[in-house]
Amino acid sequence: MLTIPWGEEDRFQGIIDLLTMKALKWREETLGLVFDEVEIPPDLQAAAAKAREDLVEALAEVDDEVMEVYLAERPLSSEELKAGLHRATVALKGVPTYCGSALRNKGVQPLLDGINSFLPNPTEVPAIVGQHPKTGAEEARPARDDGPLAALAFKIMVDQSQRLTYVRLYSGTLKSGQEVYNPLKGVSEKVARILRMHANKREPLEEAHAGSIVALLGLKTTTTGDTLCSRDKPIVLEPISSYVTVISLAIEPLTRDDQEKLGPALARVSEEDPSLSITTDEDTGQTLLSGMGELHLEVIQHRLEREFHAHLRAGRPQVVYRETIAAAAEETGTFDRELAGKHHFAEVRLSLSPRPRGSGNSFRSLLPEEHPAQNFVPIIRQAVQEALEGGVVYGHPAVDLAVALTAATAKEGVSSEMAFRIAAMTALKQAFSQAQPQLLEPIMKVEIIAPEEFTGEVMGDFASRKGKVEQLLAKGPVRLITGTAPLAEMFGYATSLRSLTQGRGTFTLQFDHYGFVERREERS
């Protein structure tokens, strides 16, 4: 603890800085902007001295240089303490903590000073490692200005009708007007301007150096997670992975004016947020927003109305289900019909088998190269993919199954692409129905923090939602409950948890995996 509070609750005035042994008092009328450095009040001097002694003892346990001074019983200066704290933080042996109040922004400045003083700078962390886009060989990029350019685009934002690409430079120097190469998309783009962002203020820069975080203007095709480098020294850094969408919401504009605004607005928010998916239901024509949870979609709705003035009508959130199979099956689909005066014929035999969860779908053809139907294999493959994406039995995308084309019959002059497409879809549907089709639902990883006295009620409610507790840990006066639960059972859980814990409980949800639905009628 590097600071201790000066007062508490409505009497909180400021903090005591244990490094300088000074008191910082914030002026109420400035909302945390201005503070005065004064002497420590007499009634807090003993507590401050004890807290500083505890700080030195704790630091001496994890830092040898501080330990030597401590054992020599020589007083440590503020600079020696700062140096020791920096070493301990970089070595992950300690975490500096500060006190403050978010209500009046008291304590913000010392915290920011601590971030600057104690967290590692780019040269104190291991070199970033990426892969060569062609060979796949690992390459390191130390944080050096004279090294080859390596930067990661981590955020896209449209501000004042300008597209800003936020990047973190790991190596090299980036100059305004310089051409950069995007190895993931195989294109080169020119950086028009480099900006250092200060909240809502912009500072133009002629160049940015290794370790910098800047915003770039002029990049059109770069998206979140893309690597920027030089063409002669290409590298692909680890991309930013987005979470799986597990919940959908149908939206529609209220007026014709809102309809005109909605398209561009959705394009912008989806570009900024890669974890958001926007699709159109072909059966109903509805626009579907898919995201990571109720709160995620609620924030997107508010943004559309507040920033783009697109007023919407939204339906109830719906869980994103999947379907799969539990057994293997093989069936034949035949199309033999006369349409518009012309005879069409095709026969396709498909074999289906389940794959491990999360491994995706696969398709392979077992037909020999000289088979008469070999030219129709791409059409069969496309038909299978379209059928799996659209849902075979329940209308949800099918996942984690292997499809093999085992046989096909073509007749010269009467076999057509349309016939093979319909025959393939028929064979797939028949085989899927015989392979023990199963419905999958998103299972969420749940972490609940609740006061100890409410643990029983919280765990009982969690169990009633088909939740499975994996771990219960004591964290001082609270309990941390971790487990899994179906997303469909967690709707409205925030309200329920607040009611059970007198508003003191919190929880987080994150997608974990897809699991079998025992009885589909319970979720429909």
Side-chain angles (χ1 to χ4, degrees), residues 1-56 58-59 77-79 81-86 88-90 94-121 154-155 157 159-160 164 166 168 195-205 211-215 295 298-299 302-303 306-307 449 475-478 498 503-506 508:
M1 197 78 175
L2 306 188
T3 60
I4 60 173
W6 180 358
E8 60 183 21
E9 298 180 350
D10 58 342
R11 297 183 302 278
F12 180 70
Q13 302 180 56
I15 62 170
I16 309 299
D17 189 336
L18 301 180
L19 295 178
T20 61
M21 291 303 283
K22 294 287 185 180
L24 307 181
K25 184 176 183 179
W26 274 264
R27 300 179 186 179
E28 291 291 338
E29 67 276 9
T30 65
L31 291 177
L33 185 62
V34 180
F35 65 90
D36 298 310
E37 185 175 286
V38 298
E39 296 299 324
I40 300 175
D43 59 328
L44 289 176
Q45 289 180 357
K50 177 66 168 60
R52 182 181 169 95
E53 184 180 347
D54 293 341
L55 170 63
V56 173
L59 186 57
S77 66
S78 296
E79 294 306 317
L81 266 178
K82 288 182 178 180
L85 286 165
H86 179 79
T89 305
V90 172
V95 180
T97 55
Y98 291 80
C99 65
S101 171
L103 179 62
R104 297 285 179 178
N105 305 318
K106 297 176 181 177
V108 174
Q109 293 90 338
L111 173 61
L112 294 177
D113 290 340
I115 291 173
N116 184 57
S117 299
F118 306 130
L119 294 184
N121 66 55
F154 65 88
K155 180 179 176 63
M157 189 175 75
D159 183 37
Q160 301 175 9
L164 296 175
Y166 283 80
R168 159 75 149 88
L195 303 173
R196 178 181 287 141
M197 306 298 289
H198 300 276
N200 60 347
K201 298 180 181 179
R202 303 178 177 184
E203 178 188 345
L205 299 176
S212 301
I213 295 177
V214 294
L295 181 60
E298 187 178 329
V299 170
H302 289 319
R303 280 198 62 194
R306 183 181 67 253
E307 297 179 21
I449 298 177
K475 298 283 186 179
V478 300
R498 283 197 297 266
R504 295 155 62 191
T506 60
T508 59

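- Sorted by first and then second residue, the side chain to side chain donor-acceptor pair (under 3.5 Å) pairs with a member in residues 4-13 read Gln13-Lys25; sequence neighbours excluded.
- Proximity of Met197 to Leu164: side-chain heavy atoms (C-beta onward) are separated by under 4.5 Å at one or more points.
- Phe12 pairs by the ring-ring contact (aromatic ring centres under 6.0 Å, His included) definition with nothing, not counting sequence neighbours.
- Tyr98 pairs with exactly one of Leu111, Ile15, Leu112 by the side chain to side chain contact (heavy atoms under 4.5 Å, CB included) rule, that one being Leu111.
- Scanning all heavy atoms of the two residues, the minimum distance from Pro41 to Ile16 falls at CD-CD1, 4.2 Å.
- From Glu79, atom CD reaches atom CG of Leu19 across 9.5 Å, with rounding to the nearest 0.5 Å.
- Between Thr30 and Arg27, the closest heavy-atom pair is OG1-O, 2.8 Å.
- Other residues, nucleotides and ligands contribute over 12 non-hydrogen atoms within 6.0 Å of the CD atom of Glu203.
- Annotation: the span from Asn116 atom CG to His86 atom NE2 amounts to 10.0 Å, rounded to 0.5 Å.
- Formation of a donor-acceptor pair under 3.5 Å by the Thr89 side chain with backbone atoms of Leu119 is not found in this model.
- Summarising the geometry, atom CZ belonging to Arg306 is positioned 8.0 Å from atom NE2 belonging to His302; distances are rounded to the nearest 0.5 Å.
- Taking the side chain as every heavy atom from C-beta outward, Gln109 and Phe35 approach each other to under 4.5 Å.
- Taken from CG in Asp17 to CZ in Arg52, the straight-line distance is 9.0 Å, to the nearest 0.5 Å.
- Residues Leu59 and Leu81 come closest through the heavy atom pair CD2-CD2, 3.7 Å.
- For the pair Leu2/Leu85, a side-chain contact is recorded, criterion being any heavy-atom separation below 4.5 Å from C-beta on.
- Heavy atoms only, all atoms of each residue included: Ala48 and Ile40 are closest at CB-CD1, 4.0 Å.
- Salt bridge status for Glu28 with Lys106: present, with a side-chain N to carboxylate O gap under 4.0 Å.
- Thr20 contributes atom OG1, which lies 8.0 Å from atom NZ of Lys82 (distance to the nearest 0.5 angstrom).
- Heavy atoms only, all atoms of each residue included: Arg168 and Ile213 are closest at CD-CG1, 3.8 Å.
- The CE atom of Met21 lies 10.0 Å from the CD atom of Glu39; values are rounded to the nearest 0.5 Å.
- Nearest heavy atom pair, residue Asn105 against residue Leu31, reads ND2-O, 3.0 Å.
- Between Leu44 and Ile4, the closest side-chain pair of non-hydrogen atoms is not below 4.5 Å.
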